[in-house]
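Reading through the structure tokens given below for one structure.
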Amino acid sequence: MWNSDSRSPNGVATSSAGSPSYGSYNSNNGNGKNGSPHAQQQQQPLLKQLGMTSAISLAEPRSEDLQKTEELRKALEPFKVFESQDELNHRMEILAKLNTLVKQWVKDVSMAKNMPEVAAEKLGGKIYTFGSYRLGVHHKGADIDALCVAPRNIERTDYFTSFFELLKMQSEVTECRSVEEAFVPVIKMNFDGIEIDLLFARLSLKEIPDDFDLRDDNLLKNLDPRSVRSLNGCRVTDEILALVPNIENFRLALRSIKLWAKKHGIYSNSLGYFGGVTWAMLVARTCQLYPNATASTLVHKFFLVFSRWKWPNPVLLKHPDNVNLRFPVWDPRVNASDRYHLMPIITPAYPQQNSTFNVSESTKKVILNEFNRGMITTDEIMLGRATWDRLFEAPSFFYKYRHFIVLLVTSQTGDDQLEWCGLVESKIRLLVGNLERNQHISLAHVNPTCFDFKKSAPNTQNNSGNDDEKTQTNSNPPVCTSPFCSMWFIGLEFERTENLNVDLTESIQNFTEHVIQHGVNIKMLKDGMHIEARHVKRKSLSQYLDTDFLKRERKSMEQHNNFNNSILANRKRLSTELSTQTKKTRLSESQTEENSNTSDTGDTTPTTQPTTAPNFTPDGKTNKNGGSGSNSPRNSIDNNNSSSSSVNVNNQNQSSNSNINSSSSSSTPAATAAATAEVACS
């Protein structure tokens, strides 16, 4: 069994618990269905292997682990990730009302199609939940992902006509809108204060009993692709719950990782980061590798495992089931397009799909950088040199880069803006792809937060004292005049080239034209809907964002720099101590060996090669400057205040706003070895 604290340069991918190769993708020694979550939780000791490989460690938690877990739970409370019992009861009441509504609707539609009332009464119909609510990790005020399952006599057109109208008639329902043209068609609404996304699936069954289980693969026979995609959410969620050894530890660890991901700006499937189901699968895989670990240990091991994962080897929770219903599944040996996926994380239910197909080179860089940063932070937490609050502190995005692309999305009404922003957000990753293809751009980092433009924000004087942030004069034209305006920001990092002029006009124009044309094709584009992309420098951000917000961003940058500096100081100290101890040990061993040889033979001890401590680097990389490579802007930009799509880059003065990632975790190899040894012994 591989020791849980092993930190080889190749990480977990080199062990039996690492990422599987494509060649083992369809091997048939899996465990299939794993019974109820409750049964697995009570299984002591763990008799059944969960996942693709055996566990890394079966160690039972220590008292320190339990204490760290309690500290983690308390650290989560201010972020409102837990709901009160009253709020949970309110959600259950809403779902019960919705379930009753579905049953009555199925009965009414069936009777309208000349079915006898007695027969229509027995047809049933049911609401299933999935996503964060079904997993038990939803936060306060979160929406509910749900699925409406109907028998075979109910058509999809019935759902988006008569049921949609029925919903709008309910006094508790507001903001009800249908998105029938989506890849997974959905009705979105606010039901008594709770946002609900309701999908639809029509099964090839005469009746839908109340105790019906959707995990049976045979249910997918003769279904249309949209129904299969709609069912996939529930089936995947149920499989995840069945594949973790301890539900409660899984839930607390997942709450922590989801909060961390949101705070660090890497929680968005549509923008090319990871969505909720992806984070759930990664935490579930960590639980499989450390089945007896507490939540705090799981969070620490999460970063250990996935900061060292050998992408693009896939993450799988189980061996794929041998089901042949002719639905496309993820398999790079068969599908050429699957071979280009950068960070494949495969859903456990048939048909298996890659939940991260939107990941691009830039978003992969950002995600890996945050994994490495999380590894360093949790190391410090487990050593008692930091608290859990440090893990959930949002890093500064707007002080990391000097150049930005700002997307301005405008419309005339609130409803139009909601639809228009949804369309644009689903397409932003195309702009990131266009920017990545520019040979002079090394990173296009999109911030997943959508900012509302406030007319009181522009042209206010910034008193932060930073020359880079002084605003333009009041004579400048207003940034936006439309009643509704939303913004996304993309930070740009350029290759090291002196006096570089980069023309981004074509990349931006192709993107805006594509979005507008798509809006026309789906008949969404209305008068007043516009999209504009501008190149903006950091010093001009105060025209778009609130000054107080930018001050908080600057303070966040300073706090992160102070934390990073303290890590460097500790590791330098450890390096010095280790070096001194090593010299003393060598001297002692040399004297002992010399005395021994002299007493035995009377001859001088021959010269031997000294033994040195192994040199570990956290991510297998070294950085000669001890600084971060992709974490900080690598170029200083000239002071021209141009808002065109042409960017001038001057490498004479490089930016010093750097954050530590794994490549800057120590200033010397010895320091890295010392820090690694310290964490391994903790």
Side-chain angles (χ1 to χ4, degrees), residues 90-130 133-134 144-174 176-182 184-192 194 196-235 237-238 323 325-327 349-351:
H90 179 57
R91 289 179 182 269
M92 295 175 66
E93 290 172 3
I94 289 174
L95 290 171
K97 291 179 182 178
L98 198 55
N99 196 62
T100 302
L101 207 61
V102 167
K103 290 180 181 294
Q104 185 62 45
W105 166 69
V106 170
K107 176 184 174 181
D108 293 342
V109 171
S110 301
M111 291 176 61
K113 295 180 179 181
N114 300 321
M115 180 178 288
E117 182 177 356
V118 176
E121 189 78 40
K122 298 178 181 180
L123 293 179
K126 189 176 179 183
I127 292 292
Y128 293 84
T129 60
F130 61 98
Y133 179 78
R134 175 70 180 93
I144 297 177
D145 295 312
L147 170 70
C148 172
V149 175
R152 64 192 180 194
N153 67 306
I154 305 298
E155 302 290 340
R156 182 175 297 274
T157 53
D158 297 326
Y159 177 75
F160 283 100
T161 53
S162 60
F163 187 67
F164 180 61
E165 294 300 323
L166 179 63
L167 286 173
K168 290 197 293 185
M169 293 169 55
Q170 306 305 308
S171 59
E172 304 99 329
V173 174
T174 59
C176 188
R177 62 191 187 279
S178 66
V179 191
E180 191 173 356
E181 306 298 328
V184 182
V186 61
I187 291 178
K188 294 176 174 285
M189 62 182 150
N190 185 305
F191 198 111
D192 199 9
I194 300 295
I196 297 179
D197 289 350
L198 189 60
L199 311 183
F200 175 79
R202 169 180 175 264
L203 301 184
S204 300
L205 299 174
K206 183 180 179 180
E207 299 176 359
I208 308 295
D210 288 337
D211 59 349
F212 196 67
D213 187 359
L214 297 178
R215 292 178 63 194
D216 186 358
D217 294 329
N218 292 322
L219 289 177
L220 305 182
K221 290 181 179 179
N222 304 318
L223 293 192
D224 63 281
R226 287 181 294 184
S227 289
V228 173
R229 290 195 292 267
S230 298
L231 285 165
N232 194 49
C234 292
R235 288 167 52 81
T237 304
D238 288 347
V323 180
L325 297 179
R326 298 189 178 181
F327 291 108
Y350 177 84

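Just so we're clear, the structure is a prediction, and the values are computed from it rather than from any experiment.
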Distance check, rounded to the nearest 0.5 Å: [X] atom [atom1] versus [Y] atom [atom2]?
| X | Y | atom1 | atom2 | value |
| --- | --- | --- | --- | --- |
| M92 | Y133 | CE | OH | 6.0 Å |
| I144 | D197 | CD1 | CG | 10.0 Å |
| E155 | T161 | CD | OG1 | 10.5 Å |
| N222 | L203 | CG | CG | 11.5 Å |
| R177 | K188 | CZ | NZ | 6.0 Å |
| L223 | S204 | CG | OG | 4.5 Å |

Assess whether atom NZ of K113 is packed by more than 12 heavy atoms of other residues, nucleotides or ligands within 6.0 Å.
-> yes
Are there more than 12 heavy atoms of other residues, nucleotides or ligands under 6.0 Å from atom NZ of K168?
-> yes
Just so I know, are the side chains of [X] and [Y] near enough to count as touching, which here means a heavy-atom distance under 4.5 Å?
| X | Y | result |
| --- | --- | --- |
| D108 | L166 | no |
| L220 | V323 | no |
| T237 | T129 | no |
| P185 | F200 | no |
| Y350 | L325 | yes |
| M115 | K107 | no |
| K126 | N99 | yes |
| L98 | I196 | yes |

Go through the steps for K97 and F191 under the test side-chain contact (heavy atoms from CB on, under 4.5 Å), then give the verdict.
-> CA-CA 10 Å; K97 291 179 182 178; F191 198 111; 4.2 Å; yes
Under the side-chain contact (heavy atoms from CB on, under 4.5 Å) rule, what do L101 and L167 come out as? Steps first, then yes or no, please.
-> CA-CA 9 Å; L101 207 61; L167 286 173; 3.8 Å; yes
[X] versus [Y], closest heavy-atom pair with distance:
| X | Y | answer |
| --- | --- | --- |
| Y128 | F212 | OH-O, 2.9 Å |
| S110 | N153 | OG-ND2, 2.7 Å |
| G125 | K103 | O-NZ, 3.2 Å |

Can any side-chain N or O of [X] pair as donor or acceptor with the backbone N or O of [Y] at less than 3.5 Å?
| X | Y | value |
| --- | --- | --- |
| D216 | L219 | no |
| R235 | L214 | yes |
| H90 | D192 | yes |

Out of L198, L199, V149, which one pairs with S230 under the side chain to side chain contact (heavy atoms under 4.5 Å, CB included) rule?
-> L199
Is the shortest distance from a Lys or Arg side-chain nitrogen in R202 or D158 to a carboxylate oxygen in the other one below 4.0 Å?
-> no
Go through the steps for I154 and Y159 under the test side-chain contact (heavy atoms from CB on, under 4.5 Å), then give the verdict.
-> CA-CA 8 Å; I154 305 298; Y159 177 75; 5.8 Å; no
Are F130 and N232 close enough, and set up right, to give a side-chain contact (heavy atoms from CB on, under 4.5 Å), and what steps lead you there?
-> CA-CA 9 Å; F130 61 98; N232 194 49; over 6 Å; no
